[in-house]
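Quick notes on the structure that follows.
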Amino acid sequence: MKLLTLAVTKLRAMAGGAAGVVITFALSLLMLLTAAYALNAKGPDSLVIAVADENGTELSVEFREILLADETASIRLVDAESLEKANAIVRDGGAEGVLLIEEDFSEVLEKGGTGLVFYPAQGSSSAEAAEEIIIGNAISLRSRLRARTYSEQLLGRELTEEELAELDVLSEKAINKEGKAVEAVAVGKGAIAGSSVFGAFYARFAGFTAFLIMLCLLMLGAFTGSSDARASAQRMLSLGKNVYPETGANLCALGIFGVVLLGFSYIAGGAPKPAEAAAGLAYVFCTAALAILLGSFAGSERAEIASPFIALITSLAGGCFINPEALGGALKKVSYFTPQGLFLSAVNGNFIGTVILVIAGAVMLLIGMMRMGLMPPKKKKAR
């Protein structure tokens, strides 16, 4: 009970008073709720494209039907009488781009072109995907047209209705066998994973939580290296007091703060599984020990200036805001040398990450105590 009382006192001193603790908790909860809402917000069910059809033939109608039937993407087309009206739809937020089917679409398509122009809305994140989907389906339609043309040239006559139907079946089988020009991959909840650099940057709630806990604990832990904190510790030593309550109080104070933040993250993001909760507690312990270790290198409270940089760099390297799996190589290995990387690995089911966090925390805590001269003196042997 005495240790807990001392820890609460320490926590108030670290945060600059009880008001500082309350304000930090309130802002942290607000940040976590905002992050959870933003990451879990449901996006649009389909890609909306405004279509200005200047061709107006059966072929342009067929192409639009192909787009709507594309199984790799959910597309909704909004008809516009002209390019100007299509642009107006985009400006009003009714579509993410304009697809112009040019007047000579049929002739251009048969000659090897596309006869299509796509104008994405400014700042649209799906511009490249929409363009690839449009081009891929245009190539598919062009291949079917060329197959008909080549067949008629070889036979020296026009194909009958039965032969055209059979040719369409063969073309569809070939497309299904070889795959479409564009492949859409569904992304998982809370993370965007990819095999290229374009899928490397992503947002993840667990990563945001790890960054927030690291940032707060490092800034609070700077107090342990302040002149006041050092004087208090040395005073206890000079009075013959055991040094463990001093270190234990610092660790307990930081741990309480970290556990509360962890609890806030579960309120905002949902209840964790037992393994995830264990990983969270291990991460709080390891981060608190790291804060005490960094505090041992500081001579004043100004050590907190470095805290945001340390928290950001280790969070980036640990995979809080980038996907190490996407970039691969050295970065993926480096992520396992950070508390955040181990925590995220443990959250994903790698229990060894939890074990390493506990071991690393114990080692850093021991080094921090040695650095601040808080290890109990060795007993002299009686002569």
Side-chain angles (χ1 to χ4, degrees), residues 15 19-48 73-74 76 90 92-96 120-127 129-130 184-194 198-220 256-281 283-284 287 307-308 311-312 314-316 318-326 335 339-341 343-349:
V21 176
V22 174
I23 292 173
T24 305
F25 279 155
L27 292 176
S28 298
L29 179 59
L30 180 61
M31 291 174 65
L32 289 166
L33 288 171
T34 303
Y37 177 80
L39 294 177
N40 294 323
K42 187 178 180 180
D45 295 330
S46 59
L47 175 63
V48 182
S74 179
R76 184 164 64 88
V90 172
D92 294 338
E96 295 189 53
Q122 187 175 4
S124 174
S125 60
S126 57
V185 180
V187 298
K189 178 183 178 183
I192 301 175
F198 298 106
F201 296 94
Y202 73 147
R204 184 178 180 185
F205 185 69
F208 180 80
T209 300
F211 167 70
L212 182 62
I213 292 176
M214 174 70 75
L215 177 62
C216 290
L217 293 194
L218 289 187
M219 295 187 71
L220 292 174
I256 290 172
F257 198 94
V259 169
V260 172
L261 293 184
L262 191 66
F264 285 166
S265 73
Y266 296 148
I267 293 174
K273 298 177 181 178
E276 294 174 346
L281 294 175
Y283 176 70
V284 169
T287 306
S307 300
L312 180 59
T314 54
S315 294
L316 287 172
C320 292
F321 307 114
I322 58 176
N323 185 7
E325 295 292 338
S335 67
Q340 295 94 321
F343 168 64
L344 294 177
S345 176
V347 168
N348 288 336

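Predicted model only: the values in this text are computed from it and were never measured.
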Are side-chain heavy atoms of Phe257 and Cys216 found at a separation under 4.5 Å? yes
Between Phe321 and Phe211, does the ring centre distance come in under 6.0 Å? yes
Nearest 0.5 Å please: distance from the CG atom of Leu344 over to the OG atom of Ser315. 9.0 Å
Set of side chain to side chain contact (heavy atoms under 4.5 Å, CB included) partners for Val90, sequence neighbours left out: Ala95, Val98, Ala121
Let me have the donor-acceptor pairs involving side chains of residues 259-280, under 3.5 Å, with sequence neighbours excluded, atom names and distances please.
| from | atom 1 | to | atom 2 | distance (Å) |
| --- | --- | --- | --- | --- |
| Ser265 | OG | Leu262 | O | 2.5 |
| Glu276 | OE1 | Lys273 | N | 3.1 |

Flag the pair Pro120 / Glu96 as yes when at least one side-chain heavy-atom distance between them is below 4.5 Å, and no otherwise. no
Roughly how far apart are Phe25 CZ and Leu30 CG, rounded to 0.5 Å? 15.0 Å
Spacing of CG belonging to Leu212 relative to CG belonging to Leu217, to within rounding of 0.5 Å: 9.0 Å
Quick one: are Phe343 and Thr287 in side-chain contact, heavy atoms under 4.5 Å? no
Output yes when a side-chain donor or acceptor of Ser345 lies under 3.5 Å from a complementary backbone atom of Gly341, and no otherwise. no
Under 3.5 Å, side chain of Tyr283 to main-chain N/O of Gln340, donor-acceptor pair present? no
Roughly how far, to the nearest 0.5 Å, is the OG1 atom of Thr34 from the CG atom of Leu29? 9.0 Å
